[in-house]
Amino acid sequence: MLRVILIFGALCGCIYALDNGLARTPPMGWMAWERFRCNIDCKNDPKNCISEQLFMDMADRMVEDGYRDAGYEYVNIDDCWSSKQRDAQGRLQADPDRFPNGIKALADYVHKRGLKLGTYGDYGNLTCGGYPGSLGHLEIDAQTFADWGIDMFKMDGCYADPKTMDKGYPQMTKYLNQTGRPILFSCSWPDYQRASGIDVNYKLIAENCNMWRNYDDIQDSWDSVLGIIDYYAKEQDTLAPVQGPGSFNDPDMIIVGDFGLSYEQAKAQIAMWTIFAAPMLMSNDLRTIRPEFRELLLNKEVIAINQDPSGHFGKRVLQVESNIEAYVRNMDTCWVAAFLNRGDHGNAVNITVSFKSLGLPVHGVEGFDVFDLFTGAYSGYLTPDSSYTYSVPPTGVVLVRIGQAE
Ligand SMILES: *[C@@H]1O[C@H](CO)[C@@H](O)[C@H](O)[C@H]1NC(C)=O
Ligand SMILES: *[C@@H]1O[C@H](CO)[C@@H](O)[C@H](O)[C@H]1NC(C)=O
Ligand SMILES: *[C@@H]1O[C@H](CO)[C@@H](O)[C@H](O)[C@H]1NC(C)=O
């Protein structure tokens, strides 16, 4: 029995996870970056600039439009929130014009609504946007965030030497811990090391971070989404073992409801982030999002699978021709599978799957019920010696749950 547990622990990566009680399931929330970038022009663009009003607006929408109740919890500031100068005590301070009440007041506002506040910093001399970085200030910055009531901290890696990150990021982990405030730690560490050709020590990263960015920033396009999926599939044997409760690979923000993805592509992003058990941090404008995208983001069945406590990373198990693929995520008592059509030819493409091609256990099983997760429709009974054909729209998915009927 002991041996079984040890082997399982090593496989699921749980024994590496950062022990701060947070991110037991993939973090969910909203983040400013992909949609609002470093827009600091509040004079000409007051509704879309990085300001306390933007985050208050999004917090209100999250409460009133059902996102909070569906599980979206964090409201995350990204780059360009701070003043270009530290204060007389060497602490970071918010830009006084755009955050006139300061970050602590914003944290209070968000907390009163049952949400949490995240913020952003950088391990190097400067943030990517040119604001003060934390190099040489890690301890005081951790304490400042804790004093303000921050709940999540993303530390970027611009203007830093990636070789020093194996030392620097764990130092920040220690300083955050020493504040006594549980602060979810999101690291850009492996992405910068990958980009500069350094071997990434994922075990160390999982011990020190609740989530980490592996690959390029997401942009508002299907190409960008596909590039991330391809990278994850290519690296799946490295990324799967280090993921589990407390520690998640982060393929970056959900861009559903922005300009770049069609409805089918939006479904595909949500489906694939669910296969990877990835954080669901939306970056969109919740004040103007179209209802069909809001509905996708609030889909209870899909969120429940994304948030399944096992936290396993799903893998690509089948490639048919070049553009049609099957992914399977093991959820201990059942499976979720995504059939992805990467291609953009106008007609839907069929994929035929079986127990064997999906890697499902054949022994002692009569068969499993299959449900389409987006429509809720029953889509058949799959037995060990039958096969089933799914029709998948171009640049789209079919997402199914395979298991005993509930
Ligand atoms: C950070 O700034 C210091 C002082 O200007 C400089 O010596 C150091 O090389 C910089 N570090 C990086 C990684 O750019
Ligand atoms: C700090 O680390 C210890 C030991 O890993 C852990 O038990 C504790 O919950 C952590 N505290 C915070 C605030 O992260
Ligand atoms: C795709 O599968 C459906 C259902 O099995 C079938 O009716 C259709 O003819 C197939 N299309 C192609 C192009 O094979």
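Each ligand, and each atom within it, is numbered from 1 in the order the structure gives.
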Study note, to complete from the structure: When every non-hydrogen atom of Ile50 is compared with those of Phe99, the smallest separation belongs to O-CE1, 3.7 Å
Point to revise | Shortest non-hydrogen contact between His111 and Lys116, atoms and distance | key: CD2-CA, 4.2 Å
Review point. Numbering the atoms of ligand 2 from 1, which are under 4.0 Å from a heavy atom of Asn20?
Key: 14 (O)
Check your understanding: Does atom 14 (O) of ligand 3 have a protein non-hydrogen atom under 4.0 Å from it?
Key -> yes
Check your understanding: Under the 4.0 Å line, does any protein heavy atom show up next to atom 3 (C) of ligand 3?
Key -> yes
Point to revise | Best match, Thr389, Asn350, Val392, Val349: closest heavy atom to atom 12 (C) of ligand 3 | key: Asn350
**Study point:** Check: Tyr232 ring centre within less than 6.0 Å of Phe313 ring centre
**Key:** yes
Revision key, fill the gap. When distances are taken from atom 1 (C) of ligand 2, the protein heavy atom at minimum range is Asn177 ND2, 1.5 Å
**Study point:** Nearest heavy-atom neighbours spanning Leu297 and Tyr72
**Key:** O-OH, 2.7 Å
Review point. Does one side chain, of Tyr378 or Asp369, offer a donor that lies under 3.5 Å from an acceptor on the other?
Key: yes
**Study point:** Those atoms of ligand 1 less than 4.0 Å from some heavy atom in Ala160
**Key:** 13 (C)
Point to revise | Residue, atom name and distance, where the atom is the protein heavy atom closest to atom 8 (C) of ligand 1 | key: Asn125 ND2, 3.8 Å
Review point. Would Asp258 and Arg35 satisfy salt bridge (Lys or Arg N to Asp or Glu O under 4.0 Å), going step by step from the backbone distance to the final call?
Key: CA-CA 7 Å; Asp258 291 319; Arg35 179 64 183 251; 2.8 Å; yes
Revision key, fill the gap. One finds that the ligand 1 atoms under 4.0 Å from a non-hydrogen atom of Asp161 are 13 (C)
Review point. Do Tyr169 and Tyr123 have ring centroids that are under 6.0 Å from one another?
Key: yes
Check your understanding: For ligand 2, which atoms, with element, lie under 4.0 Å from some heavy atom of Gly180?
Key -> 13 (C)
Check your understanding: Any idea which protein heavy atom is nearest atom 7 (O) of ligand 2, and the distance to it?
Key -> Asp19 OD2, 3.5 Å
